[in-house]
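One structure below.
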Amino acid sequence: MSRQVLIINVTRMGDLVQMGTLLTRLQEEWPGAAVDLVVDRQFAAVATMLPGLREILAFDFHRLIDDSRACVQDVVALHHQVRVWAHALHERRYDRIVNLTFNRPSALLADYVGAPDIRGARTAWDGGTVVDHPWLRYFTDIHQIRRINRFNLVDVYAMGGSGPGSFAPLRIAPPAEALDWAGRMLAVGEPPAREWIAVQAGASDGMKAWRPQHFGLALARLGIRWGGGLLFIGGPSEQQTVGAVIQAYRAAGGRHVIKNTAGQTSVPQAAALLSLCRVLLTNDTGPMHLAVAVGTPVIDLSVGHVDFQETGPYGAGHWVLHPDLDCAPCGFEQVCSHQACKDRIPADTVADLLLHVMEKAPRPTVGPGFRLYRSAVDEDQLGTFQLAGGSESPVLAWYAAFWRRYWYHAFTGRPSGIAPLAGEPPDREAASTHIGAVLPLLESLCRRAEGILRMTTRPPLAIREIHSLLRDQQAERERAVHLAMETWALRPLAAAFLRQLHQDNADALDRMARHHAETYAWWLRETQAVARCVAPAGAVRRRLPIVADSCHPVAG
Amino acid sequence: MTYLQHNLDALRTHAPALVAALKDCPGGVLTITASREGAPSATVQGHWVHSGYDPRKEARAWAEDQLSKWRPGEVGVVLGVGLLYHVEAIAMAKPPGARLAVVVPDVSVLKDAAAVHPLGAWFNGIEWVLGSPETMAQQLAGMAAPLRLLTFQPAARLHTEIHQQLEHHLRRAVATQQGGRLHVALVGPIYGGSLPVGRHAARALEALGHRVSYIDHGCHRQSYDTLGRFREPRHRLLMQGRFADVLSMDTMTQIAEDPPDLVLAIAQAPLNLAVLDHLRSKKFLTAMWFVENYRHLTYWQQLAGGYDYWFVIQQGACLEALTRAGARHVSYLPMAADPTVHRPMVLPSLGQEEYGSDVSFVGAGYPNRRRLLPEWLSKEWSFKLWGNEWEGADALRAVLQRGGARVDTETCVKIFNATSVNLNLHSCAGEGLDAEPDFVNPRTFELASCGAFQLVDRRTLLPELFHTDEMVCFAAPEEVPQLIRTWLADGPRRRMIAEAARRRVAAEHTYEHRMANLLSAVGVRQPDRVGAVLRGDRSAGSLAGRRDCTPELAGVLKDFPPHQRVELKEVADRIRAKGPRHELSREDLLVLMLDSYRAETRDLV
């Protein structure tokens with residue numbers, strides 16, 4: 001009997017398209033596997049275009065939120081309705097659940113449905129949320145280390161939900177009737193445009209949308225250098241934004257043929273339209289991933305709190321413009337009143353890049369204030385972005401490359417195919433000082449953790465003494481974390497340590513103490529390994545213990 | 001050809017009383033006209049009762065819409081008879097076993113319907129409700145199930161008044177059943193006369209046993225006033241409008257953090273249309289008690305469609321105007337008093353000296369008051385004028401107290417109690433008495449509740465609120481001096497009338513009465529939500545006994561007192577309260593999952 005996998009991916013259109021590589025990888029791992037998908041009803045149409053799914057289990061989670069929050073239905077009705085649906089999933093006896101919706105309710109759902117192997121958020125014995133798989137644990141740490149993260153979520157999903165493998169591009173298949181409709185839609189007009197630039201000016205969150213007037217100006221700057229048409233896409237809520245873009249475009253002298261389909265297409269129709277366009281100019285949105293998945297090149301204007309390294313266009317042939325600001329990308333909870341990052345990307349450059357993608361102009365030169373990246377596939381068969389204009393901080397660039405190789409090796413057990421880094425980190429002195437200060441604290445923390453573990457296994461429990469030791473341990477841990485967070489050489493480990501420490505999932509004091517002791521030991525071991533790579537012996541102001549094979553081959 | 005005899009024969013065994021009533025009535029109310037599609041349609045006084053194009057198609061669309069709202073276990077009650085196309089459509093489409101009743105205010109209309117086309121077997125499954133509004137309400141209330149009113153407006157329009165009376169009686173039935181505890185978010189204004197109304201309403205709801213989150217915007221008064229410093233009116237209005245928008249968001253955020261069963265706004269509450277639309281899209285119920293003269297404050301025109309329920313202090317044209325502007329449900333809900341605040345008191349002699357006089361008036365200096373009050377000064381009686389906005393009223397300067405400072409509620413109560421004859425002159429923009437004297441102001445109820453005697457200008461809505469032996473009115477300004485003279489001279493009768501008015505307020509016109517009435521009005525229209533809570537259908541005992549309740553959930557519900565209202569949050573809290581050492585069962589996980597979705601707020605703010 002073939003294996004059964006349930007993927008839970010509830011919240012966004014883009015996330016659904018981004019799991020395309022995972023679907024391919026699952027079939028490589030378990031040929032003929034039956035893969036089902038739990039998705040919110042509003043995104044079910046997107047899911048129908050994904051190849052490799054046995055069944056789409058659409059549920060109206062938004063209605064559930066509304067009905068439960070406003071007490072539209074009573075607890076018995078709500079419980080009955082959801083239980084009938086979820087219990088049927090439980091009865092299917094899945095071999096694996098891949099939960100790509102990293103929130104508490106989906107973690108609870110994953111455990112209610114149940115499977116021997118749950119990847120992604122699941123529920124601890126006491127109702128807390130835990131993540132076991134290293135790639136998906138990494139996902140939960142990304143927000144703390146965004147500046148140096150070099151893994152696209154497409155790869156994180158694929159390696160977390162299955163494992164490493166050959167490069168598999170995102171793919172969706174718009175239905176034939178949608179393609180037929182799109183062809184006729186673009187053919188209408190006198191004279192019909194020969195080629196189209198698609199424009200996605202809206203976004204689900206205004207923070208990640210380039211300003212409408214900038215879109216308008218950039219498109220107007222195409223001028224007479226290109227004679228095609230502009231196709232605006234978007235949802236019903238984006239019609240006002242598209243209207244503002246068109247107004248700005250006309251005010252700046254734009255005279256191309258325009259088709260505005262915002263709010264008038266289904267998702268399959270939008271995907272079909274995108275497949276017929278030369279390029280999509282877009283914010284980092286769901287339609288961007290649709291374009292990637294139908295093979296249309298993308299220019300991603302990565303502003304606000306989105307980070308193209310995580311969610312940018314996957315695979316070769318796409319471009320990203322990114323503001324060069326210390327705060328970019330900002331955090332997801334950031335509320336920014338000025339949004340100056342949106343003014344860093346020049347409209348002229350966007351126009352020139354559009355022409356370049358359509359082979360009508362050379363690659364634009366990049367001035368100060370922003371960077372240009374080209375997407376690619378790297379030696380490990382993962383999506384990547386190569387700097388094509390502008391400059392990056394040498395320290396960030398060094399550590400980004402370092403951690404990219406380090407984590408790949410650590411999580412897959414395979415050495416990375418990417419060439420080792422040449423030389424030492426640009427901040428070697430400062431990093432060495434930090435490492436030298438952190439290591440004794442970690443050694444002390446390990447001793448304390450072992451001491452607490454011993455006490456918890458020796459009856460009767462000396463509760464007061466244990467509490468006192470825990471307080472001292474906490475104070476020392478806070479000092480160590482604070483120090484480690486100050487250098488990119490140690491911050492990723494500190495972030496991972498904290499997450500791991502708190503995801504204890506242990507239902508007894510001694511087991512919790514054991515988990516803590518193991519986590520402290522892990523932190524020390526990994527820090528020693530990183531120290532040997534970043535600051536070779538002698539550079540650190542204290543002697544490091546030698547552990548065979550403890551340094552992944554990340555630095556040359 | 002007439003189908004009447006055929007239909008009556010078919011009905012005879014199932015509904016002999018109805019057949020008898022049909023035989024006895026004359027019929028001929030509807031004017032039958034062929035529709036474009038061929039089926040008979042009907043008009044009354046030029047208004048179409050069914051579509052002139054395709055009445056069956058119209059009926060099917062209506063039925064489909066109604067079915068989306070009609071919940072299992074509810075009795076569907078059709079308002080509007082017409083030619084019964086819509087009744088047939090919903091009878092054919094309803095789930096098997098669902099009970100459907102039709103209110104028949106005038107049997108003649110039903111006779112017209114039975115005469116123009118054959119009625120199928122569905123006709124025998126209908127529960128026909130006939131009689132006076134009160135009888136019909138009793139019949140419906142006796143069905144022992146939640147009622148879902150299904151109004152077919154083109155036909156219901158013929159009997160609007162009877163339907164209103166029926167609903168009024170139904171509300172009373174719901175009000176007498178009220179037991180469940182609702183959570184009401186009460187949104188008050190920034191300033192103005194409706195500010196105390198919000199507080200009284202909040203207190204009344206709490207006294208009725210409901211939980212109230214009072215969103216008090218009175219604390220923003222100073223900031224709002226600061227924005228009034230701009231000389232250019234456009235600047236001032238723009239800034240104050242933006243500020244009100246911010247407070248609207250503030251309201252939304254507070255609602256998000258503690259979601260209520262009902263958002264009740266008091267007139268002038270800062271809730272803009274965008275937020276109201278957002279609330280509706282997220283399924284929150286909203287109501288507005290518009291305690292203002294709709295002719296003077298006209299912003300209701302923009303907000304009419306924003307609230308689910310409107311309650312107004314005027315009738316007739318006001319109800320029609322709001323309905324025309326897009327309000328879905330508009331009801332009359334007069335002002336009231338709060339007997340815990342507006343109460344009789346005996347002042348010590350110093351207090352009597354400070355607040356007392358033969359005659360007094362408390363209120364703001366509207367034009368008609370500036371014009372009329374000087375005529376009512378006399379050397380025969382002492383007169384005190386209290387309140388603000390009297391600048392430039394030279395003729396009243398000698399009697400104006402405290403330099404025209406604003407008078408708070410507690411001081412008002414002292415003045416009312418210490419005055420022999422309180423004047424109550426409704427404000428208006430003209431120079432005399434209100435030319436359209438319909439609504440009754442709060443002062444009328446407050447004075448009465450204090451047991452204070454008042455002379456009030458005549459209002460068309462006053463007689464149904466107070467009897468003539470409870471309130472003395474004047475129809476013209478010239479009557480007032482003689483009335484003062486008469487009543488100052490007759491202390492015992494004065495006190496008797498005032499006491500009768502006080503008793504009437506206590507019995508019928510408190511804020512508790514109004515709030516109970518308001519909630520039952522919403523409950524009648526929302527039988528599965530507010531209505532269910534009020535009936536006690538969401539109590540632990542009721543829920544645990546439901547057929548669709550799993551044994552696991554019933555087990556948790558039985559841990560609660562049987563009469564306590566229990567929602568998802570309470571069940572989840574109970575599971576969490578088992579403590580950190582409790583290992584969760586699979587069923588626990590499901591409840592916690594539901595509760596996690598319930599706690600989501602990102603889509604709200």
Side-chain angles (χ1 to χ4, degrees), chain A residues 8 10-11 40 59-87 89-90 101 103-114 121-129 204-205 237 332-333 335 504-509 512, chain B residues 71-72 182-183 256 259-261 279 281-285 526 528-530 532-533 537-538 540 542-544 546-550 552-554 556-557 565-572 575-576 579-584 586-601 603-604:
Chain A
I8 301 174
V10 171
T11 51
D40 188 88
F59 190 86
D60 197 338
F61 289 97
H62 283 84
R63 183 175 172 190
L64 177 62
I65 291 171
D66 292 342
D67 284 2
S68 56
R69 189 171 49 198
C71 295
V72 176
Q73 295 192 64
D74 59 50
V75 60
V76 172
L78 287 166
H79 184 262
H80 179 76
Q81 172 194 345
V82 176
R83 191 176 186 278
V84 167
W85 177 78
H87 191 71
L89 301 186
H90 171 71
T101 304
N103 61 18
R104 189 172 146 74
S106 70
L108 289 156
L109 175 63
D111 265 71
Y112 181 82
V113 174
R122 54 178 291 253
T123 306
W125 71 279
D126 62 348
T129 301
S204 57
D205 184 337
S237 63
F332 280 107
E333 300 300 321
V335 177
D504 45 50
N505 197 16
D507 59 355
L509 193 60
M512 189 187 293
Chain B
R71 303 274 174 266
L182 288 163
H183 175 207
D261 296 301
L279 281 169
S281 75
K282 296 297 168 189
K283 300 189 180 175
F284 286 100
L285 295 174
Q526 298 286 339
D528 54 333
R529 296 179 63 177
V530 170
V533 175
D537 288 357
R538 292 197 179 189
S542 286
L543 293 169
R546 282 249 299 269
R547 267 192 315 180
D548 52 347
C549 186
T550 60
E552 294 84 0
L553 184 58
V556 181
L557 288 168
R565 179 185 175 187
V566 177
E567 296 288 349
L568 175 59
K569 182 178 183 302
E570 285 73 34
V571 175
I575 289 169
R576 283 188 284 262
R581 309 305 305 165
H582 169 70
E583 182 151 7
L584 298 166
R586 277 188 67 242
E587 294 304 322
D588 289 342
L589 295 180
L590 195 67
V591 171
L592 294 178
M593 179 189 93
L594 285 165
D595 193 56
S596 295
Y597 281 116
R598 181 201 60 77
E600 180 60 71
T601 60
D603 59 324
L604 287 181

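Nothing here was measured: the structure is a model prediction, and the numbers come from that model.
To the nearest 0.5 Å, the span separating CD1 on Ile65(A) from OG1 on Thr601(B) amounts to 10.0 Å. In this structure, CG in Asp66(A) is found 10.5 Å from CD in Glu600(B), a value given to the nearest 0.5 Å. Once rounded to the nearest 0.5 Å, the distance linking OH of Tyr112(A) with CG of Leu594(B) reads 10.0 Å.
Residues Leu64(A) and Tyr597(B) come closest through the heavy atom pair CD2-CD1, 3.6 Å. The heavy-atom pair separating His80(A) from Asp548(B) by the smallest distance is ND1-O, 3.6 Å.
Only the side chain of Leu557(B) comes within contact range of chain A, judged by heavy atoms closer than 4.5 Å. Contacts of His87(A) with chain B are made by side-chain atoms alone, with heavy-atom separations under 4.5 Å and no backbone atom involved. Contacts of Ala107(A) with chain B are absent, with no heavy-atom separation under 4.5 Å from either backbone or side chain. Heavy-atom distances place both the backbone and the side chain of Arg586(B) under 4.5 Å from chain A. Neither the backbone nor the side chain of Arg547(B) comes within contact range of chain A, judged by heavy atoms closer than 4.5 Å.
Looking only at side-chain heavy atoms (C-beta outward), Met593(B) and Val82(A) come within less than 4.5 Å of each other. Within the 4.5 Å cutoff, side-chain heavy atoms of Ser68(A) are placed close to those of Leu568(B). Between Leu108(A) and Leu590(B) there is no side-chain heavy-atom pair separated by less than 4.5 Å. Looking at Arg83(A) and Glu587(B), their side chains come closer than 4.5 Å, going by heavy atoms from C-beta outward. In this structure the side chain of Arg538(B) reaches within 4.5 angstrom of the side chain of Cys71(A), judged on heavy atoms.
Evaluation of the salt bridge (charged side-chain N to carboxylate O under 4.0 Å, His left out) rule for Asp603(B) yields Arg69(A), Lys282(B) as partners, not counting sequence neighbours. Annotation: salt bridge (charged side-chain N to carboxylate O under 4.0 Å, His left out) contacts of Arg598(B) (sequence neighbours excluded): Asp595(B).
The 12-atom threshold is exceeded at CZ of Arg546(B), counting heavy atoms of other residues, nucleotides or ligands nearer than 6.0 Å.
Put simply, of Asp261(B), Val566(B), Thr550(B), the one with the most heavy-atom pairs under 4.5 Å next to chain A is Thr550(B). Among Asp67(A), Asn103(A), Leu78(A), Val72(A), the residue with the largest count of heavy-atom pairs under 4.5 Å with chain B is Val72(A).
No donor-acceptor distance shorter than 3.5 angstrom exists from the side chain of Arg529(B) to the backbone of Asp74(A), with no hydrogens or angles considered.
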